[in-house]
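Note that this is a predicted model, so its numbers are computed, not measured.
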Amino acid sequence: QVQLVESGGGLVQAGGTLALSCAASGSIGSLASMGWYRQAPGKQREWAASVTRGGRTHYADSVKGRFSIARDGAKNTVYLQMNSLKPEDTAVYYCAASWGLTMTTVDQARYWGQGTQVTVSS
């Protein structure tokens with residue numbers, strides 16, 4: 001089993017920055033993909049960004065150019081740096097991991113963290 005624990009998040013004004021981190025533990029082995037999803041109130045969970053074991057990054061169009069994902073293999077940790085935040089970025093952010101190289105849909109994620117709230121005020 002794999003456990004994912006997020007930290008970071010909080011309240012920030014529009015245009016501000018926040019950073020999230022997620023530490024993986026347990027039967028990690030060599031997780032192929034780690035990343036972040038988010039779920040706004042009344043909306044479905046959506047993929048935001050992911051990074052492969054080799055460091056290849058992928059971003060949803062809605063966050064491209066503003067968010068940056070990075071992975072520290074030695075620490076089994078993935079980070080999400082969020083810049084130029086907008087009120088529409090307000091959501092619960094979930095860390096996720098998969099044994100597959102592609103993780104851009106909810107169904108492709110195998111493990112989930114408990115979520116952390118990000119609120120962007122206008």
Side-chain angles (χ1 to χ4, degrees):
Q1 189 67 299
V2 173
Q3 294 81 43
L4 302 174
V5 179
E6 301 112 334
S7 59
L11 173 65
V12 66
Q13 289 188 332
T17 64
L18 276 176
L20 306 180
S21 62
C22 171
S25 62
S27 302
I28 301 170
S30 187
L31 288 165
S33 295
M34 294 185 73
W36 296 90
Y37 292 70
R38 63 186 186 180
Q39 187 166 17
K43 294 187 177 181
Q44 293 186 333
R45 191 172 300 188
E46 63 177 12
W47 166 73
S50 56
V51 57
T52 68
R53 183 173 57 243
R56 188 168 185 176
T57 58
H58 304 273
Y59 298 95
D61 289 342
S62 58
V63 307
K64 195 175 295 183
R66 300 186 299 120
F67 290 12
S68 178
I69 190 170
R71 181 172 178 173
D72 185 332
K75 296 182 179 180
N76 293 313
T77 300
V78 63
Y79 307 93
L80 186 68
Q81 177 67 40
M82 303 182 290
N83 301 325
S84 302
L85 282 162
K86 305 174 182 179
E88 50 264 44
D89 294 318
T90 295
V92 177
Y93 282 70
Y94 295 91
C95 179
S98 169
W99 302 110
L101 282 175
T102 301
M103 192 176 74
T104 58
T105 67
V106 172
D107 291 343
Q108 289 172 332
R110 175 66 177 84
Y111 302 102
W112 295 93
Q114 79 284 358
T116 185
Q117 178 70 45
V118 171
T119 302
V120 184
S121 63
S122 57

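From Asp72, atom CG reaches atom CE of Met34 across 10.5 Å, with rounding to the nearest 0.5 Å. Atom OG in Ser68 sits 8.0 Å away from atom CG in Asn83 (nearest 0.5 Å). In this structure, SG on Cys22 lies 5.5 Å from CD on Glu6, to the nearest 0.5 angstrom. Atom CG of Leu101 sits about 8.5 Å away from atom NE2 of His58, to the nearest 0.5 Å. Note that the CZ atom of Arg110 and the CG atom of Leu4 stand 11.0 Å from one another [nearest 0.5 Å]. Of the inter-residue distances, the one linking Arg38 atom CZ with Phe67 atom CZ reads 5.5 Å to the nearest 0.5 angstrom.
Taking each heavy atom of Gly9 and Val118 in turn, the nearest pair found is CA-CG2, 4.0 Å. Smallest separation of non-hydrogen atoms from Tyr93 and Leu80: CD2-CD2, 4.3 Å. What you find for Pro41 and Thr90 is that their closest heavy atoms are CD-O, 4.4 Å. The two atoms that bring Gly100 and Ala32 nearest to each other are O-CB, 3.3 Å, heavy atoms only.
Under the 4.5 Å side-chain heavy-atom criterion for Ile, Leu, Val, Met, Phe, Trp and Tyr, Val106 and Val2 are members of distinct hydrophobic clusters. When hydrophobic clusters are built by joining Ile, Leu, Val, Met, Phe, Trp and Tyr residues whose side-chain heavy atoms come closer than 4.5 Å, directly or via intermediates, Val120 is grouped together with Trp36. If you chain together hydrophobic residues whose side chains sit under 4.5 Å apart, Leu31 and Leu20 fall into the same group. Hydrophobic clustering keeps Tyr79 apart from Met82 (ILVMFWY residues linked when any side-chain heavy atoms are closer than 4.5 Å, directly or through intermediates). Both Val63 and Leu18 sit in one connected hydrophobic cluster of ILVMFWY residues. Membership requires side-chain heavy atoms under 4.5 Å apart, directly or through other members.
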Exercise for the section: Apply side chain to side chain contact (heavy atoms under 4.5 Å, CB included) to the pair Thr102 and Gln108, showing each step before the final yes or no. Expected result: CA-CA 7 Å; Thr102 301; Gln108 289 172 332; 3.8 Å; yes

Practice task
Please lay out, stage by stage, how Arg66 and Tyr59 fare under the test side chain to side chain contact (heavy atoms under 4.5 Å, CB included).
Solution key: CA-CA 10 Å; Arg66 300 186 299 120; Tyr59 298 95; over 6 Å; no

Handout entry: Verdict with supporting geometry, Val12 and Thr17, side chain to side chain contact (heavy atoms under 4.5 Å, CB included)
Key = CA-CA 7 Å; Val12 66; Thr17 64; over 6 Å; no

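Evaluation of the side-chain contact (heavy atoms from CB on, under 4.5 Å) rule for Val92 yields Tyr94, Gln117 as partners, not counting sequence neighbours. Evaluation of the side-chain contact (heavy atoms from CB on, under 4.5 Å) rule for Ala40 yields Lys43, Ala91 as partners, not counting sequence neighbours.
Between the side chain of Trp47 and the backbone N or O of Met103 there is at least one donor-acceptor pair closer than 3.5 Å. Looking only at distances, no side-chain donor or acceptor of Tyr111 sits under 3.5 Å from a matching main-chain atom of Cys95. A side-chain donor-acceptor contact under 3.5 Å links Thr116 to the backbone of Gly8.
A salt bridge does not link Lys86 with Asp89: every distance from a Lys NZ or Arg NE/NH1/NH2 to an Asp or Glu carboxylate oxygen is 4.0 Å or more.
Two residues are said to be in side-chain contact when any heavy atoms from C-beta on lie closer than 4.5 Å; Ser25 and Val5 fail this criterion.
Ser21 and Ser7 form a side-chain donor-acceptor contact under 3.5 Å, judged by distance and modelled atom types alone.
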